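Worth saying up front: this structure is predicted, and the values here are computed from it rather than measured. Atoms within a ligand are numbered from 1 in the order they appear, just like the ligands themselves.
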Amino acid sequence: MSQGRKFRELVASEHPLQIAGTINAYMALMAKAAGFKALYLSGGGVANASFGLPDLAITTLNDVAQDAERITGAVDLPLLVDIDVGWGGAFNIGRTIKTMERAGVAAVHMEDQVAQKRCGHRPNKEVVSTSEMQDRIKAAVDARQDSNFVIMARTDALAVEGLDAAVERAAAYAEAGADMIFAEAMTNLNHYDRIKAACGVPVLANMTEFGQTELYHKAQLAEHGVDMVLYPLSAFRAANAAAVKVFEAILRDGHQNAVVDTMQTRSELYDYLNYHQYEQKLDALFAKDK
Ligand SMILES: C[C@](O)(C(=O)O)[C@H](CC(=O)O)C(=O)O
Ligand SMILES: [Mg+2]
């Protein structure tokens, strides 16, 4: 079964499907072990973590594809990838879709912001016209090889044009061929009901922290028409705060004893990596004559 098909089946069977943001392959292994069934590669995360850059349209297709491929190479769960605005015109978008499919990705989300995009939860966003975004979607749909590969359209319009416009856009994007809708930066639970009723396809809610949207319970979201709940950077933010504490403690104390208890142990690390199995294989392959 293709990864796209797996993703679609999960969306249909989980109410709602919770999707874990995993900044790299090792995080993906941990999210799978914790029980998540679908994973996410954040565009902001690639910019921040892999490049030390802000989420402001600085990273490119190849940057994101490389990180995506590292995750799909390590974990077999379906991966949703943030492709920002698709990185160009129709043929660029087509190339993006083909590259993501080749990288083993299940689904992508592409947004209706202008090329100089911003984080969805920051001020001064601008969106392209509805018809321009419909063209982006048509180019993406046309380029996919597997008809189950998921093209999700994200609308950032709520903050720019208001709810009615965002609802209309969601419907227009589904009509243009988007399989699913990412309702970005909603400020009320009822917004999801409106979007869902208008577009008639599965809807994603973004539970990113410190943004415009309250951190709702998954059951509340499901009651309001949400099919997928995204936690794009939750583990990344937590790991970052932990790292800062460790750096500060080492410099302050001259040793790391005060923070060792907060660390994942060597044996836990090895469990996630299946380390011992690799070692045993080495030993079996290259047995030393004693
Ligand atoms: C989902 C998102 O596009 C991402 O890149 O992870 C961001 C998340 C964030 O900045 O908190 C967004 O919502 O724009
Ligand atoms: Mg993003």
May I ask you to check whether over 12 heavy atoms, not counting those of K6, lie within 6.0 Å of atom NZ? yes
| request: Would you indicate whether F247, at its atom CZ, is surrounded by more than 12 heavy atoms from other residues, nucleotides or ligands within a distance under 6.0 Å? | output: no
Checking heavy atoms under 4.0 Å, the part of R237 that sits near ligand 1 is side chain
Near T208 (heavy-atom distance under 4.0 Å), the atoms of ligand 1 are 8 (C), 9 (C), 11 (O)
Near G43 (heavy-atom distance under 4.0 Å), the atoms of ligand 1 are 5 (O)
Checklist entry - Under 3.5 Å between some N or O of ligand 1 and some N or O of H109? => result no
Counting from 1 in the order shown, the ligand 1 atoms closer than 4.0 Å to a non-hydrogen atom of G44 are 4 (C), 5 (O)
Atoms of ligand 1 under 4.0 Å from any heavy atom of G120, numbered from 1 in the order shown, are 12 (C), 14 (O)
Note: Y231, heavy atoms under 4.0 Å from ligand 1, region reported as neither
> Under a 4.0 Å N-O cut-off, is there an ion pair linking D179 with R144?
Replying inline: yes
(Q) Check K117 with E126, please: is the shortest side-chain N to carboxylate O separation under 4.0 Å? (A) no
message: Side chains of T155 and E111 only: does a donor on one sit below 3.5 Å from an acceptor on the other?
response: no
Numbered in order shown, the ligand 1 atoms found under 4.0 Å of a heavy atom of E184 are 12 (C), 13 (O), 14 (O)
The Mg ion (ligand 2) -> D82, closest N, O or S atom is OD2
Has the side chain of N206 got a donor or acceptor atom that lies under 3.5 Å from a matching backbone atom of E184? no
Please determine if K196 and D227 form a salt bridge, counting it only when a charged side-chain N lies under 4.0 Å from a carboxylate O.
yes
Quick note on ligand 1: atoms under 4.0 Å from a heavy atom of H121 include exactly 13 (O)
message: Using 30° and 60° as the class boundaries, would you call the ring planes of Y216 and Y192 parallel, tilted or perpendicular?
response: perpendicular
Query raised in the report: Do the charged groups of R154 and D156 touch, with an N to O distance under 4.0 Å?
Result: yes
Counting heavy atoms under 4.0 Å, the part of S42 that contacts ligand 1 is both
To atom 7 (C) of ligand 1, the nearest of I23, L41, D55, N48 on a heavy-atom basis is D55
So for R154 against ligand 1, with non-hydrogen atoms under 4.0 Å, the contacting part is side chain
In ligand 1, the atoms that come under 4.0 Å of a heavy atom of C119 are 9 (C), 10 (O), 14 (O)
Query raised in the report: Is Y40 in contact with ligand 1, taking contact as a heavy-atom separation below 4.0 Å?
Result: yes
Practice prompt. Decide, yes or no, whether a salt bridge links D146 with R5 under the criterion of side-chain N to carboxylate O below 4.0 Å.
Written response: no
